[in-house]
Amino acid sequence: MRAHQHSSTSWLKGQLILPGEAEYDDARSVWNARFDPHPALIARVADADDVVRAIDYARTSALPLSVRGGSYNVAGTSVVDGGLVIDLSGMNGIRVDAPGRRAWVEPGVRTGELLRALATYGLTLPVGRVSQVGMAGLTLGGGIGALMGTHGLTIDNVISMEVVTADGRVLHAAADKNEDLYWALRGGGGNFGVVTGFEFELHPQATLLAGRIVHPLTVAADVLRFYRRFAAAAPDQLTVSAGLVQTPDGTPAVAVIPVYSGDDLTEGARLVLPLRRFGTPVADTVGPMSYIDVSSMMDEAGRAGRRCYWRSGFVPALDDDTIGVLVEGFSRVPSPNTLLLIDYMHG
């Protein structure tokens, strides 16, 4: 399918947004305010055929190309300066097969929207910690979250994907069809094409036991050493994260965040009790919680409009030297919005 190289939008079923138009500044913005890109045009596509047309237009016009899903983009690469942006935000459909525990999700859907839609069927899906994150970027990036011990990462729950490739083909990628592409997308990031639909396996929704247990930063090394032992022995139903954080009044602190996803909350309370009894917490909010609330626990820390820098990596173990470096470094951070998050990845 070939696009016509002219300024008319007749080649696009969706909306073409140009510099100077009323929606341009909002359409070009990304979550991280460090970046201020000015694309030549933004194609707010309506479907996979529109994506084909937009890719073809970029190729024949020799324009750099980027893909924007939920716009929650740390590195700013979802909106290309001087090029064409494929904006997927208009593709926000959700179809649920409740008896089959399947959902077809378009790439403009955000995590909170999806969880609320699934909750009406008593179903859920492993996602991250900020409800405004786009499902496309979260999924293709892996999707670390509170249910990973029992249900894996978000990407582990993908059954199939619809993908538009650079040469304009619309492919179905699954374990038994275009399996190399399916394999690559489930861990290789977002550079193999534009994913225009995800088919997810769903799980029964349950009430969780979750919350934050907060201690002063002065005892952070002791808390993290206890956390290290506790998390290593925790069953899969209990995912425990830790963080060096700032309290609402700007005081540096250390927090431990348990999330128990098993069927028996009484057993969950028994398992979490040693965490709650360790030391003298200054705050403890652990209690029954919906997964929608758990997956939005960091919404305020993750709100758009700040100038942010992120770095992440793996360590084989949270040894004493690593703990010392983290705590000492965090004691000197200049911004009250700084956060250092530690995830134990269930082995």
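Using a 3.5 Å distance cut-off with no hydrogens or angles, the side chains of Gln205 and Thr124 do not pair a donor with an acceptor. Between the side chains of Ser241 and Asp343, at least one donor N or O lies within less than 3.5 Å of an accepting N or O. Side-chain atoms of Glu267 and Gln237 form no donor-acceptor pair, as typed in the model, at a separation below 3.5 Å. A donor-acceptor pair shorter than 3.5 Å can be found between the side chains of His203 and Asn157.
A search for side-chain contact (heavy atoms from CB on, under 4.5 Å) contacts involving Asp263 returns nothing, not counting sequence neighbours.
The existence of a salt bridge linking Arg28 and Asp81 is excluded, since no basic side-chain nitrogen approaches an acidic carboxylate oxygen closer than 4.0 Å. Taking a cutoff of 4.0 Å between a charged side-chain nitrogen and a carboxylate oxygen, Asp87 and Arg44 qualify as a salt bridge. Checked for salt-bridge contact, Glu113 and Arg110 miss the test: no charged N lies under 4.0 Å from a carboxylate O. Contact check on Arg270 versus Asp264 returns no salt bridge, with no Lys/Arg side-chain nitrogen under 4.0 Å from an Asp/Glu carboxylate oxygen. The pair Asp50-Lys13 does not count as a salt bridge, with every side-chain nitrogen at least 4.0 angstrom from each carboxylate oxygen. Between Arg53 and Asp56, no side-chain nitrogen of the basic residue sits less than 4.0 Å from a carboxylate oxygen of the acidic one, so the salt-bridge criterion is not met.
Under a hydrophobic-cluster definition in which Ile, Leu, Val, Met, Phe, Trp and Tyr are linked whenever side-chain heavy atoms come within less than 4.5 Å, directly or via other members, Leu340 and Val245 are assigned to different clusters.
Atom CG of Asn178 and atom CE of Met161 lie 11.0 Å apart (nearest 0.5 Å). Atom-to-atom distance recorded for Glu21:CD and Gln15:CD is 7.5 Å, nearest 0.5 angstrom.
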Quiz item: Can you check side-chain hydrogen bond (donor to acceptor under 3.5 Å, both in side chains) on Ser131 and Asp299, steps first, answer last?
Solution: CA-CA 6 Å; Ser131 66; Asp299 275 13; 2.6 Å; yes
Quiz prompt | Step-by-step side chain to side chain contact (heavy atoms under 4.5 Å, CB included) determination, Glu106 to Leu88 | solution = CA-CA 8 Å; Glu106 291 188 334; Leu88 301 164; over 6 Å; no
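Residues Ile159 and Phe198 are not in side-chain contact: their nearest non-hydrogen atoms beyond the backbone lie 4.5 Å or more apart. A 4.5 Å side-chain heavy-atom check between Tyr309 and Asn32 finds every atom pair outside the cut-off. Between Met91 and Thr196, the closest side-chain pair of non-hydrogen atoms falls below 4.5 Å.
Other members of the cluster containing Val80 are Ile17, Tyr24, Val30, Phe35, Ile42, Val79, Val85, with ILVMFWY side chains joined at under 4.5 Å, either directly or via other members.
Proximity of the aromatic rings of Tyr57 and Trp11 is defined here by a centroid distance below 6.0 angstrom, and this criterion is met.
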